[in-house]
Amino acid sequence: MKYSKEEVIQYVNEDDVKFIRLAFCDVFGKQKNISIMPDELPRAFEYGIAFDASSVKGFGDETHSDLFLKPDSETLMGLPWRPEHGKVVRMFSSVSYPSGKAYECDTRNLLKKAIQDAADAGISFFFGAEQEFYLFNLDQNGRPTREPYDEAGYMDIAPEDKGENIRREICLTLEQMGIRPESSHHEEGPGQNEIDFRYSDPLTAADNAMTFQTVVKTIAHSNGLHADFSPKPLKNLPGNGFHINLSVKASDGADHLPYVISGILDKIADMTAFLNPTEESYLRFGQNKAPLYISWSSENRSQLVRIPAALGEYRRAELRSPDPAANPYLAFALIIYAGLYGIRHQPDMPMVSDFNLFKAEPEALKELKKLPETLTDACRIAKESEFIRTYIPQSILDLYCDK
């Protein structure tokens, strides 16, 4: 349910809400928040709440450090793991200068602009996220270990799958928050899990991806475990993917999905520094169903883009290269712009690759282009890309690629 400002204030006053968290993320997608008391809520909606931006990575230095958070009333959610009496709620917030001008490093606002640019072109995008994570035991001092919670494999069941009850608790908590999980299961790695979501509009999908990581980490910790979303937690074992399912609708009723796919394939190398933003990200490519080549096919999990078996409203494409270290707002914004590029320019699609790339002979692979194989390569391509310079502010590009 989407609330108005007045409804939020009424709810807070009538439902024993004592703390309101104003949430946002830094340019790398790490969630931050500041808590305010109910009496401050009208001021937050009207003027925003100031914070020291110089202490947030990528948000500038001490010279002009004051930025403001203005909550988005439509994103109101209760936090079910907090006390029933003296409730805590959360709203995502926009970041602005004292003048009211939008802050250029507010990646949530960049996604909102991409959505509007698509709407102006008569195009609506929809995203569904699949994020994988590992559950590790804690040591006697409560610090994370690299000891998996179980030794189960893909889609195993209890008792081998010890994560079953954890996933159940995560899904029930998400439902209480108004987020709809679609399915959950044990993944291939020991202690590795996946929970998938039904598609939604891009901003909601990105907000939910942020919320999902918070919920998983919170529920894991309450059960004496550590949830790890890093791209490659264990050497020589499956990495964590952030598979992004996307579909598209046009106001003229045309089928633009093939052009969207061609645009993504054309610009994927340019975007990779933002979809895979850590050195560790590149250890995942080319093994355990993580792609290495710029390719596509139907129902084929060795490909970069696959077209899952689905009909009607469920017809979609799945991009398999991103990992959970990505900022979902930046990732979705760039995918939208790549899709729009495909619709406008209709670049040639690579030949379909209807074979298993992980088992193919070198001769069959030599015509395929590769994804960047290191973060250094990805950043070089991004800095040389007119596409990236058009849609990513220079300050964000510098933060990602001039570390």
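Below, each value reflects all heavy atoms present in this structure, side chains not excepted, and no hydrogens, waters or symmetry copies.
Residues L111 and P202 come closest through the heavy atom pair CD2-O, 3.7 Å. Across N327 and C25, no two heavy atoms sit closer than the pair ND2-SG, 3.9 Å. Closest approach of A325 and P277 over heavy atoms only: O-CG, 3.4 Å. Counting all heavy atoms, side chain and backbone alike, N109 lies closest to A102 at ND2-CB, 3.6 Å.
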Side-chain donor-acceptor pairs under 3.5 Å in residues 29-37, sequence neighbours left out?
none

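No side-chain heavy atom of F68 sits less than 4.5 Å from a side-chain heavy atom of S94. In this structure the side chain of L76 reaches within 4.5 angstrom of the side chain of Y11, judged on heavy atoms. Using a 4.5 Å cut-off on side-chain heavy atoms (C-beta onward), I20 and M91 make contact. Counting heavy atoms from C-beta outward, L246 and Y199 have side chains that stay 4.5 Å or more apart. The shortest side-chain heavy-atom distance between L292 and L368 does not fall under the 4.5 Å cut-off. Under the 4.5 Å side-chain criterion, counting only non-hydrogen atoms from C-beta, D196 is not in contact with P181. Considering only heavy atoms from C-beta on, Y3 stays 4.5 Å or farther from T75 through its side chain. Counting only heavy atoms from C-beta outward, the side chains of F45 and K5 approach each other to under 4.5 Å.
If you take CZ on R167 and CG on L135, they are separated by 8.5 Å, rounding to the nearest 0.5 Å. For the atom pair L397 CG and S385 OG, the distance stands at 9.0 Å (nearest 0.5 Å). A distance of 9.5 Å separates CG of D106 from CG of L67, quoted to the nearest 0.5 Å. Rounding to the nearest 0.5 Å gives a distance of 9.0 Å between CG of D266 and CD1 of I294.
Remark: the backbone N or O of G241 is paired with a side-chain donor or acceptor of E132 at under 3.5 angstrom. At least one donor-acceptor pair closer than 3.5 Å links the side chain of N223 to the backbone N or O of I219. Judged by distance alone, with hydrogens and angles left aside, the side-chain atoms of E280 form a donor-acceptor pair with the main-chain N or O of K232 at under 3.5 Å. Remark: side-chain polar atoms of N141 are not paired, donor with acceptor, to backbone N or O of R143 under 3.5 angstrom. The backbone N or O of S230 sits less than 3.5 Å from a side-chain atom of D228, completing a donor-acceptor pair. Side-chain atoms of E7 come within 3.5 Å of backbone atoms of S4 as a donor-acceptor pair (strictly under, hydrogens ignored). Not one N or O on the side chain of T107 forms a donor-acceptor pair closer than 3.5 Å with the backbone of L110. Side chain of S262 to backbone of M349: no donor-acceptor contact under 3.5 angstrom is found. Side-chain atoms of Y400 come within 3.5 Å of backbone atoms of V27 as a donor-acceptor pair (strictly under, hydrogens ignored). Judged purely by atom type and a 3.5 angstrom limit, R306 has no side-chain atom pairing as donor or acceptor with the backbone of W296.
Relative ring orientation between Y97 and Y103 is described as perpendicular, the plane-to-plane angle rising above 60° on a 0-90° scale split at 30° and 60°. Classified by interplanar angle (parallel below 30°, tilted 30° to 60°, perpendicular above 60°), the ring pair F332/F242 is tilted.
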Open item on the list: For H186 and D150: C-alpha separation, side-chain torsions, deciding distance, then whether side chain to side chain donor-acceptor pair (under 3.5 Å) applies.
Closed with: CA-CA 10 Å; H186 199 286; D150 62 34; 2.8 Å; yes

TODO: Go through the steps to decide whether Y329 and D207 satisfy the test side chain to side chain donor-acceptor pair (under 3.5 Å), and finish with yes or no.
DONE: CA-CA 8 Å; Y329 301 108; D207 286 345; 2.6 Å; yes

Open item on the list: Using the rule given for side-chain contact (heavy atoms from CB on, under 4.5 Å), can you reason through I336 versus F127, listing the C-alpha separation, both sets of side-chain angles and the distance that settles it, and then say yes or no?
Closed with: CA-CA 10 Å; I336 287 172; F127 290 91; 3.9 Å; yes

Open item on the list: For a side-chain contact (heavy atoms from CB on, under 4.5 Å) check, start with the C-alpha distance between H243 and S321, then their side-chain angles and the critical distance, and finish with the verdict.
Closed with: CA-CA 7 Å; H243 303 153; S321 63; over 6 Å; no

- [ ] Report the C-alpha separation of Q116 and D120 in whole Å, then their side-chain angles, then the decisive distance to 0.1 Å, and conclude whether the side chain to side chain donor-acceptor pair (under 3.5 Å) test is met.
- [x] CA-CA 6 Å; Q116 185 58 56; D120 292 343; 2.8 Å; yes

TODO: Give the C-alpha distance, both sets of side-chain angles, the deciding distance and a yes or no for side-chain contact (heavy atoms from CB on, under 4.5 Å) between E104 and S395.
DONE: CA-CA 8 Å; E104 60 270 13; S395 54; 4.1 Å; yes

Open item on the list: side chain to side chain donor-acceptor pair (under 3.5 Å), that's the test. Do S297 and Q303 meet it? Break it down for me.
Closed with: CA-CA 7 Å; S297 181; Q303 308 291 334; 4.7 Å; no

TODO: Decide yes or no on side-chain contact (heavy atoms from CB on, under 4.5 Å) for L234 and F136, but give the supporting numbers first.
DONE: CA-CA 11 Å; L234 297 174; F136 291 119; 3.9 Å; yes

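Separation of the H226 and Y134 ring centroids does not fall under the 6.0 Å cut-off. For F24 and F51, the distance between ring centers is under 6.0 angstrom.
Between E373 and K370 there is a salt bridge, with a side-chain nitrogen of the basic residue lying less than 4.0 Å from a carboxylate oxygen of the acidic one. Salt bridge absent: K383 and D398 never bring a charged side-chain N and a carboxylate O closer than 4.0 Å. In summary, E40 and R43 engage in a salt bridge, as defined by a charged side-chain N under 4.0 Å from a carboxylate O. A salt bridge does not link K162 to E164: none of the charged nitrogens lies less than 4.0 Å from a carboxylate oxygen. Under a 4.0 Å N-O distance rule, the pair E188/K289 qualifies as a salt bridge.
For residues 333-351, the side chain to side chain donor-acceptor pair (under 3.5 Å) pairs, not counting sequence neighbours, are D117-Y337.
With no hydrogens or angles considered, no side-chain donor-acceptor pair links N276 and S281 at under 3.5 Å. Between the side chains of Q192 and N240, a donor-acceptor pair is found at a separation under 3.5 Å. A donor and an acceptor atom, one from each side chain of N193 and E187, are nowhere located under 3.5 Å apart. Side-chain contact of T211 with T214: a donor-acceptor pair under 3.5 Å is absent, judged by distance alone. No side-chain donor from either of Q131 and E194 sits under 3.5 Å from a side-chain acceptor of the other.
Crowding of E386 atom CD: a count of heavy atoms from other residues, nucleotides or ligands under 6.0 Å not exceeding 12. No more than 12 heavy atoms of other residues, nucleotides or ligands lie within 6.0 Å of NE2 in H221, so this atom counts as exposed by the packing criterion. Atom CZ of R168 is surrounded by 12 or fewer heavy atoms from other residues, nucleotides or ligands within 6.0 Å. Other residues, nucleotides and ligands place more than 12 heavy atoms under 6.0 Å from the CZ atom of F125. Within 6.0 Å of the CZ atom in R180, the count of heavy atoms belonging to other residues, nucleotides or ligands does not exceed 12. Around atom CZ of F229, more than 12 heavy atoms belonging to other residues, nucleotides or ligands sit under 6.0 Å away.
Relative to the six-membered ring of F19, R82 misses at least one condition, a distance below 6.0 Å or an angle of at most 45° to the axis. The side-chain tip of K249 points at the ring of F126 from less than 6.0 angstrom away and within 45° of straight on.
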